[in-house]
Amino acid sequence: MTSSQGSAGGGAAGGPGRGGAPPEAANFIQAIIREHEKSGRFGGRVHTRFPPEPNGYLHIGHAKSICLNFGVAQEFGGLCNLRFDDTNPTKEEVEYVESIEESVRWLGFDWEERLFFASDYFDQLYAWAVQLVRQGDAYVCDLSADEIREHRGTLTRPGRNSPYRDRPVAENLDLFERMQAGEFADGSRTLRARIDMASPNLNMRDPVMYRILHASHHRTGDRWCIYPTYDYAHGQSDSIEGITHSICTLEFENHRPLYDWYLERLGIHHPQQIEFARLNLSHTVMSKRKLLRLVEEGRVSGWDDPRLPTLVGLRRRGYTPQSIRAFCARIGVAKFNSTIDMSWLEDAARDDLNARAPRVLGVLRPLRVVLTNLPEDRVVELDAVNNPEDPAAGTRKVPFSRVLCIEQDDFREDPPPKFFRLAPGREVRLRYACIIKCEEVVKDAGSGAVVELRCTYDPATLGGRAPDGRKVKGTIHWVSSAHALPAEARLYDHLFLKPDPEDVAAGEAFAAGLNPDSLQVLRGCLVEPSLASAAPGDHFQFERLGYFCVDPLDSGPGRTVFNRTVTLRDSWAKVEKKQAVAPPP
RNA sequence: UGCCCCGUGGUGUAAGCGGUAACACUUCAGAUUUUGGUUCUGAAUUUCCAGGUUCGAAUCCUGGCGGGGCAACCA
């Protein structure tokens, strides 16, 4: 039994232990499965599946479903399949199949040899359709799409039977055979389930099972010109694979009676469909349609734009699979429609990266600092710890010399209260180096901008500690000008200004809610020389700034681009904000 | 004006058969700190409403109210 690998997410963190362990908090899906295990339904087996349609890129919402399906299987010692729901050749492409596989693998899940396609089952599905026709449970309907809609009735009014509903079985068989043989034009006929046109559930009003589509399929080519609908294909595919728990999102709740109906009429293995609430994240959009729009209208650079909630985007942004899995475990699973604040995702990234990302010194907006009492040719190699959370990460050397750069934000000519950084006449500690004192501020004659600080360093404090015990509250990051490497940094913010992108004035397109500052490109950054060996995709913590990831696409020889995954928590920013709202007397 | 689902602190979730609300995050206040990071301590706040059943209801029943979904030959 390999059920204790635990951490990989899905449901409550850790999950319940197996075999007689006291009951732990579980989400409602785990509770249902436990119930089934107890009652012996499915013979104690648990087999799930993640069933994407290959018509777009995976996003964080899919990650929730992936973690749930693979997680629950893992936890109960079961299996999870990857199955592409490829029943609509007009929308689906191989390009998506490949990207989806890659994303699931990247997230850390393994479907082993169980990669399936609904299209693998087209022959079986067809045979079952014939069976239903024979049983009088399905018929060929000559109504057009418009006519079908018209016959369906409305939410409050029952529908009317199709005039073709009572066709003799032999005629149905013949017609269906000829549909399949390509005798009829697209849309001219359908195969429909014969259920109940007066059902209060519209899905039961003789739903379409097969439509004529003379389209080439990415896997079956031109073998078929009729294709099963989702409702007819999905449950039967589950059945074929021996799925026990068919987990899907809430909008399929009303489809469950139909899911059950097909399986019952066919008399085949009958999985349990369970619905859960899809993930909504603040400040972004999740629907394929809207994501596609952002990409097509050029509001983002592509599907992997680091501002997008797509898995390829998050990956490029610097999110690790672990952080995404932890996030999915933390948000839980329920049937209530909720919106999770983006800060939860960001926290998950901080949590994970804090433990693993090596620390480096990098300056985003450099301000020149000259140490007037340090000889020009003097270079000191200082020891810096790579990760205080992980002693095994060791230390590295950082060069220190007369001309340095510090962050512009770390100097204030007129410091507000509680500002612990550098200011005229004040002292600050340079991380891993020494304490310096600002003696003089050099300004640009024209603009009045501060262009250089002339400081002195205290040789007694080399290493950072003051032997006289004097307290220096601030510690700032820095870089040696002569040794630093140039870099570009991309700072990201929410794609949308408001938590709910739909919350725009009447008549305004949702694009109006886009945050104009969601991307800020900084080209004059300077980073410590050890970063010369940074590889694409590497994660770092720029001390005091945030977590950054080497952009795999735009970095190359002679050019390093860092994507800011997320900032560090910044309690000074909070203090400052408060001061701005209510300035001290 | 039909059917289905849902309603627990600010947020997200828990409380197998009804037993007296918990966890995480956020917030606030401290401590530690050569990252205003991390970590640690403490505090604050909760069962949509109204009836009913019961010794006892977040849990069961009824009725409201509120939110979501459904009328593709999409998934």
- Query: If we only count heavy atoms from C-beta on, is the A/P358 to A/N387 side-chain gap below 4.5 Å?
  - Reply: no
- Task: Indicate, with a heavy-atom threshold strictly under 4.0 Å, whether A/Y432 touches base, sugar-phosphate, or nothing.
- Result: base
- Rounded distance in Å between the P positions of B/C5 and B/U1: 22 Å
- Item | Inter-nucleotide P distance (B/G9, B/C49), Å rounded | 10 Å
- Message: Run the side chain to side chain donor-acceptor pair (under 3.5 Å) test against A/R189 and tell me which residues pass, sequence neighbours left out.
- Response: A/D142
- Message: Tell me every residue that passes salt bridge (Lys or Arg N to Asp or Glu O under 4.0 Å) with A/K473, counting only those two or more places apart in sequence or in another chain.
- Response: none
- Message: Using whole Å, what does the distance between atom C1' of nucleotide B/G68 and atom CZ of A/F276 come to?
- Response: 15 Å
- Message: From CD1 of A/I331 over to C1' of B/A14, roughly how many Å is that when rounded to an integer?
- Response: 16 Å
- Note on the structure: Given protein heavy atoms under 4.0 Å, the one-letter contact record of nucleotides 70-75 of chain B, with B base, S sugar-phosphate only and - none, is simply BBSBSB
- Task: Take nucleotides 35-47 of chain B nucleotide by nucleotide from the 5' end and write B, S or -, depending on whether a protein heavy atom sits under 4.0 Å from the base, only from the sugar-phosphate, or from neither.
- Result: BBBS---------
- Item | Partners meeting salt bridge (Lys or Arg N to Asp or Glu O under 4.0 Å) with A/R165 (sequence neighbours left out) | A/D206
- Query: Quick one: A/L250 CG to B/C5 P, roughly how many Å, whole number?
  - Reply: 11 Å
- Using the test ring pair (Phe, Tyr, Trp, His ring centres under 6.0 Å), find all partners of A/Y57 that sit at least two apart in sequence or belong to another chain. A/Y96, A/W303
- Got a salt bridge between A/E576 and A/K418, using NZ or NE/NH1/NH2 to carboxylate O under 4.0 Å? no
- Write down the distance separating the C1' atoms in B/C17 and B/U54, rounded off to the nearest Å. 16 Å
- Whole-Å C1' distance, B/C55 and B/U20: 12 Å
- With A/A334 via side-chain contact (heavy atoms from CB on, under 4.5 Å) - residues at least two apart: none
- Query: Going by heavy atoms in the side chains, are A/L361 and A/F542 under 4.5 Å from each other?
  - Reply: no
- Contacts of A/I148 that satisfy side-chain contact (heavy atoms from CB on, under 4.5 Å) - sequence neighbours left out: A/L143, A/R152, A/T190, A/R192, A/V208
- Query: For A/F28 and B/U8, what is the distance between atoms CZ and C1' respectively, to the nearest whole Å?
  - Reply: 16 Å
- Message: Give me the distance, rounded to whole Å, that separates B/A57 from B/C48 when you measure between the P atoms they each carry.
- Response: 15 Å
- Rounded C1' spacing from B/U46 to B/U11 in Å: 12 Å
- Message: Quick check: do A/K64 and A/I331 have side-chain heavy atoms less than 4.5 Å from each other?
- Response: yes
- Query: For RNA chain B, what is the dot-bracket line, given that a base pair needs Watson-Crick (N1 to N3, plus N6-O4 or O6-N4) or G-U wobble (N1-O2 and O6-N3) geometry with both distances under 3.5 Å, and | means paired with another strand?
  - Reply: .((((((..((((.....[..)))).(((((.......)))))....(((((..]....))))))))))).....
- Query: Is the base of B/A21 syn or anti, where syn means the angle lies within 90° of 0?
  - Reply: anti
- Measure the distance from NZ on A/K64 to P on B/G12 and round it to the nearest whole Å. 11 Å
- Message: Go nucleotide by nucleotide along RNA chain B from the 5' end; which of A/K574 and A/R465 gets its closest nucleotide reached first?
- Response: A/K574
- Note on the structure: note: A/K335, atom NZ; B/C4, atom P; distance rounded to Å ~ 13 Å
- Message: Whole angstroms only, please: what is the CG-C1' distance between A/N280 and B/G69?
- Response: 13 Å
- Separation between the P atoms of B/C40 and B/G52, rounded to whole Å: 48 Å
- Task: May I ask you to evaluate whether A/T339 reaches the phosphate of B/U11, defined as a side-chain N or O under 4.0 Å from OP1 or OP2?
- Result: no
- Residues at least two apart in sequence or cross-chain that pass ring pair (Phe, Tyr, Trp, His ring centres under 6.0 Å) with A/F176, listed by chain then number, are A/Y126, A/Y210
- With A/H62 via ring pair (Phe, Tyr, Trp, His ring centres under 6.0 Å) - residues at least two apart: A/H59
- For A/E275 and B/G68, give me the distance from atom CD to atom C1', rounded to whole Å. 14 Å
- Query: What is the nucleic acid contact for A/R256, judged by heavy atoms within less than 4.0 Å: base, sugar-phosphate only, or nothing?
  - Reply: nothing
- Could you measure between the two P atoms, the one in B/G37 and the one in B/C23, and give it in whole Å? 25 Å
- Tell me, please, which residues at least two apart from A/H255 pass ring pair (Phe, Tyr, Trp, His ring centres under 6.0 Å). A/F252
